[in-house]
**Q** 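Please find one structure pasted underneath; my questions will follow.
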Amino acid sequence: MTSSPIRGRPRRATAHIRVRLTHAVLGVLTGAGWLVLPVMTAEARDPVPAAPFGPTASAAAPRQDGTSATDLALPLAAGAAALALAGYGCVRRTRRTRSRTTPGSGPAPRPATGPADAERQARAALRLTDDCVRTSREELSFVRDRFGELRTEPFGRALRTAETELAAAFALWRRYEDGVPGEAGALLRGPAGVIGRCAEAGRRLDAEAAALDRLRGFAADGPEADGDRGGDGDGSASAEGGVGAALEVAERRFRELTARAGTARSTLAALRRSYPPSATAYVTGYAELATDRLVFATARLNSARRAADTGDSREAVRQLRAGEGAVAQAGVLVGGVEGLAARLAEAAGLLPAALADAEAERAAAERDPGRHTSPGAERTLAAVRAELDGGAYDPLDVLRRITRASGRDAGTGAGVLDTAALLVARASVAAAEEFVAVHRGAVGAPARARLAQAVRELDAGHAGRADTAAGEARELAGRDVRAHGTAYTDGDPAGTAGAVLAGILPAESADDGVPPAYGGPRTRSRHHP
């Protein structure tokens, strides 16, 4: 499974169009040949042999110098019919391709030809499905703001099912990576299971995409917009009304985030004064990125408003969804700074008790030779005590070292050390999740798989393993982003480069491409009436 059939014209559709055009050309050439034949024979010295004289010949019409209307009718009709059929087929196929809103309208993934090909398809499926889930989650948040939980429950249920299937696919992939089976058949079954889970996740989202468009008033027959604008039920009025109401939701959230972004910038400056650079390293640049997303959102929401005012509902929906995606990611970035401030404060409050418990456990281990203690624990705790006395320290990193030194980083108990271990793990998972979310246009399947593993470990209460997996995910994602770079080197005042890197716009057609929407692989890049 690859992303190319999603954003471009399916190969099968192109093949059908070529066949129809070929038939049309052959029909025209045949008709032209029949038209030219009398002209070619009119000047020939040896006429075309005639049928033998007889009763039938004598009954024929007298010979004429030109071509009769009857002779011209058949070839002209054949050529016209061929052109009409080809044109109808071409238009019908194009409309179906551009307005994919139902499952089954896209090409099926090709069968894997070997283990290496199966692995490539599985990685592509994981990345694409993860993008679908993330985009669907973002758009659904705007729909819930407008319609509430009750009316959006079918879409939330489909999203939760897709999330479950995707989590299972990532778990399958992790087991496959940990130990590849020896049989040749099993080499294909592992990735095949991943692809199957991803396909089911996408299917559930695809099945609800059209209904979500109707609820938002984006479809030609959207019923909800009539009540919003008092429309008469025609398609354009409904779609325009739906965009107008959706714009109000997006603009309200935009204004809230603009205020929060300014506060987050001040918060980050205060954190830098209180803690060493390592404590705030992973949110460095978040305020600037949030501003970049908000600048992009401003342009897109304004364009959506203008398109809606002129009745261009299709363009209005396209611009609206790009603006919504940018607003959602600005929220992730601002929330990242706010969350870090809260976790640092909580970690600083836990530190004295956690250090005291760790030192008490070490002392008890010294008195009881049979009690386990981590090697080097005494040196680590002494270094932590000296660091705390020195003043500037990273509370989360200190907690990490304390829990690991005490051997209590599992996070499965109710003590202070277990609480500290879970806090550290949650901070690591949040950092990795935020980074992947706002850079997903460049982040590959390995980083996403490690992040999914970190979430599984955290849900199971395995704090230490969750912390480790999240750190690996963040590192892998960072490598992907550095390798990806950007195609915009001459400045980007509209924030387009950031939108491409964030997965808000397709890289191959950033200026006029269709932003991804709620849906699976077959519907996420759909056009609208």
Side-chain angles (χ1 to χ4, degrees), residues 1-8 100-101 103 106-107 109 120-142 155 158-170 173 194-209 212 293 296 318 321-322 324-329 331-333 432-452 455 473 476-477 480-481 483-484 497-510 513-526:
M1 183 183 298
T2 62
S3 61
S4 58
I6 305 303
R7 292 172 177 159
R100 295 191 304 263
T101 56
R120 283 193 296 271
Q121 289 193 32
R123 284 192 292 268
L126 287 169
R127 179 175 180 176
L128 176 58
T129 308
D130 190 49
D131 278 348
C132 291
V133 166
R134 291 175 181 277
T135 302
S136 298
R137 190 184 300 132
E138 289 174 355
E139 181 172 0
L140 186 57
S141 70
F142 288 91
F155 313 111
L159 177 59
R160 290 191 297 272
T161 302
E163 289 171 337
T164 300
E165 293 291 341
L166 177 61
F170 274 123
W173 180 252
V194 171
I195 294 170
R197 289 283 193 172
C198 290
E200 178 59 18
R203 187 190 69 79
R204 292 305 302 268
L205 294 173
D206 282 328
E208 298 296 337
L212 183 133
R293 298 293 190 273
F296 178 83
R318 188 175 76 89
R321 278 198 163 122
E324 286 179 340
V327 169
Q329 292 204 6
V332 172
L333 292 160
E433 169 61 34
E434 290 158 8
F435 189 87
V436 171
V438 300
H439 297 91
R440 62 176 176 260
V443 177
R448 299 171 193 241
R450 288 295 185 277
L451 176 57
V455 172
L476 289 171
D480 289 340
V481 172
H484 179 272
V500 171
L501 186 63
I504 298 170
L505 294 177
E508 64 271 16
S509 53
V514 180
Y518 179 106
R522 299 181 188 276
T523 59
R524 69 189 298 260
S525 296
R526 58 189 179 273

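Because only heavy atoms are used, hydrogens play no part in the values below, and waters and symmetry mates are left out as well, while side chains stay in.
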**Q** So, the side chain of Tyr518 versus the backbone of Phe155: is there a donor-acceptor pair under 3.5 Å, distance only?
**A**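 Yes; at least one donor-acceptor contact below 3.5 Å.
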
**Q** Could you check if a side-chain atom of Thr135 sits within less than 4.5 angstrom of a side-chain atom of Arg440, using non-hydrogen atoms only?
**A**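 The answer is yes, as the side chains (C-beta and beyond) meet within the 4.5 Å cut-off.
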
**Q** Report the residues that fulfil side-chain contact (heavy atoms from CB on, under 4.5 Å) with Ala168, sequence neighbours left out, ordered by chain and then residue number.
**A**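 Ala168 satisfies side-chain contact (heavy atoms from CB on, under 4.5 Å) with Arg197 once adjacent residues are dropped.
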
**Q** Applying side-chain contact (heavy atoms from CB on, under 4.5 Å), name anything that partners Glu163, two or more places apart in sequence or on another chain.
**A**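 Listed in chain order: Val133, Arg137, Leu159, Arg160.
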
**Q** For the residue pair Arg524 and Leu128, establish whether any side-chain heavy-atom pair is separated by less than 4.5 Å.
**A**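 The answer is yes, as the side chains (C-beta and beyond) meet within the 4.5 Å cut-off.
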
**Q** Could you tell me whether the side chain of Arg293 and the main chain of Val438 form a donor-acceptor pair under 3.5 Å?
**A**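 Checked: pair present.
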
**Q** Between CZ of Arg526 and CZ of Arg318, what distance do you get to the nearest 0.5 Å?
**A**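 Separation between the atoms: 15.0 Å.
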
**Q** Distance check, rounded to the nearest 0.5 Å: Arg204 atom CZ versus Thr161 atom OG1?
**A**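 The distance works out to 4.0 Å.
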
**Q** A side-chain contact here means heavy atoms from C-beta on lying under 4.5 Å apart; do Ser525 and Pro506 qualify?
**A**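 The answer is no, as the side chains (C-beta and beyond) never meet within the 4.5 Å cut-off.
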
**Q** Output, in order, the C-alpha distance, side-chain angles, deciding distance and verdict of salt bridge (Lys or Arg N to Asp or Glu O under 4.0 Å) for Glu324 and Arg321.
**A** CA-CA 5 Å; Glu324 286 179 340; Arg321 278 198 163 122; 5.2 Å; no

**Q** Please give me the minimum heavy-atom distance between Gly503 and Pro516, naming the atom from each residue.
**A**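 Taking Gly503 first and Pro516 second, the nearest heavy atoms are O-CG, 3.5 Å.
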
**Q** Give a yes or no on whether a salt bridge exists between Arg134 and Glu433, defined as a side-chain N under 4.0 angstrom from a carboxylate O.
**A**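 The answer is yes: the pair qualifies as a salt bridge.
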
**Q** Can you spot which of Leu126, Leu166, Asp131, Asp480 makes a side-chain contact (heavy atoms from CB on, under 4.5 Å) with Arg448?
**A**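 Single pass found, and it is Asp131.
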
**Q** Taking all non-hydrogen atoms of both residues, which atom of Ala158 and which atom of Glu208 are closest, and how far apart?
**A**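 Distance-wise, the nearest heavy atoms are CB-CG, 3.6 Å.
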
**Q** Do you know the tightest heavy-atom contact between Pro515 and Leu505?
**A**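 So the minimum-distance heavy-atom pair works out to CG-CD2, 4.2 Å.
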
**Q** For the atom pair CG (Leu205) and SG (Cys132), what is the distance rounded to the nearest 0.5 Å?
**A**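 With rounding to 0.5 Å, CG (Leu205) is 7.0 Å from SG (Cys132).
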
**Q** Please evaluate residues Phe296 and Ile504 with respect to the criterion side-chain contact (heavy atoms from CB on, under 4.5 Å), reporting the C-alpha separation (whole Å), side-chain torsions for both, the decisive distance (0.1 Å), and the verdict.
**A** CA-CA 10 Å; Phe296 178 83; Ile504 298 170; 4.1 Å; yes

**Q** Would you please test Arg203 and Arg522 for side-chain contact (heavy atoms from CB on, under 4.5 Å) and show each step?
**A** CA-CA 8 Å; Arg203 187 190 69 79; Arg522 299 181 188 276; over 6 Å; no

**Q** For Gly519, is there any backbone N or O sitting under 3.5 Å from a side-chain donor or acceptor partner on Thr523?
**A**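 Side chain of Thr523 to backbone of Gly519: no pair is present.
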
**Q** Let's go through Asp130 and Phe170 carefully: what are the C-alpha distance in whole Å and the side-chain angles of both, what is the deciding distance for side-chain contact (heavy atoms from CB on, under 4.5 Å) to 0.1 Å, and is it a yes or a no?
**A** CA-CA 10 Å; Asp130 190 49; Phe170 274 123; 4.2 Å; yes

**Q** Looking at every heavy atom in both Thr129 and Cys198, which two are closest together, and how far apart are they?
**A**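 Taking Thr129 first and Cys198 second, the nearest heavy atoms are OG1-CB, 3.2 Å.
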
**Q** For Val332 versus Ala437, what's the shortest heavy-atom pair and its separation?
**A**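 Shortest heavy-atom contact: CG1-CB, 4.4 Å.
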
**Q** Got Leu501 and His484 here, is their nearest side-chain heavy-atom distance under 4.5 Å?
**A**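 Contact flag for Leu501/His484 side chains = yes.
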
**Q** Would you say that Leu212 contacts Glu139 through its side chain, given a criterion of any heavy-atom pair below 4.5 Å between the two side chains?
**A**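 Contact flag for Leu212/Glu139 side chains = yes.
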
**Q** If you take all heavy atoms of Ala517 and Ser136, which pair is closest and at what distance?
**A**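 Shortest heavy-atom contact: O-OG, 4.3 Å.
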
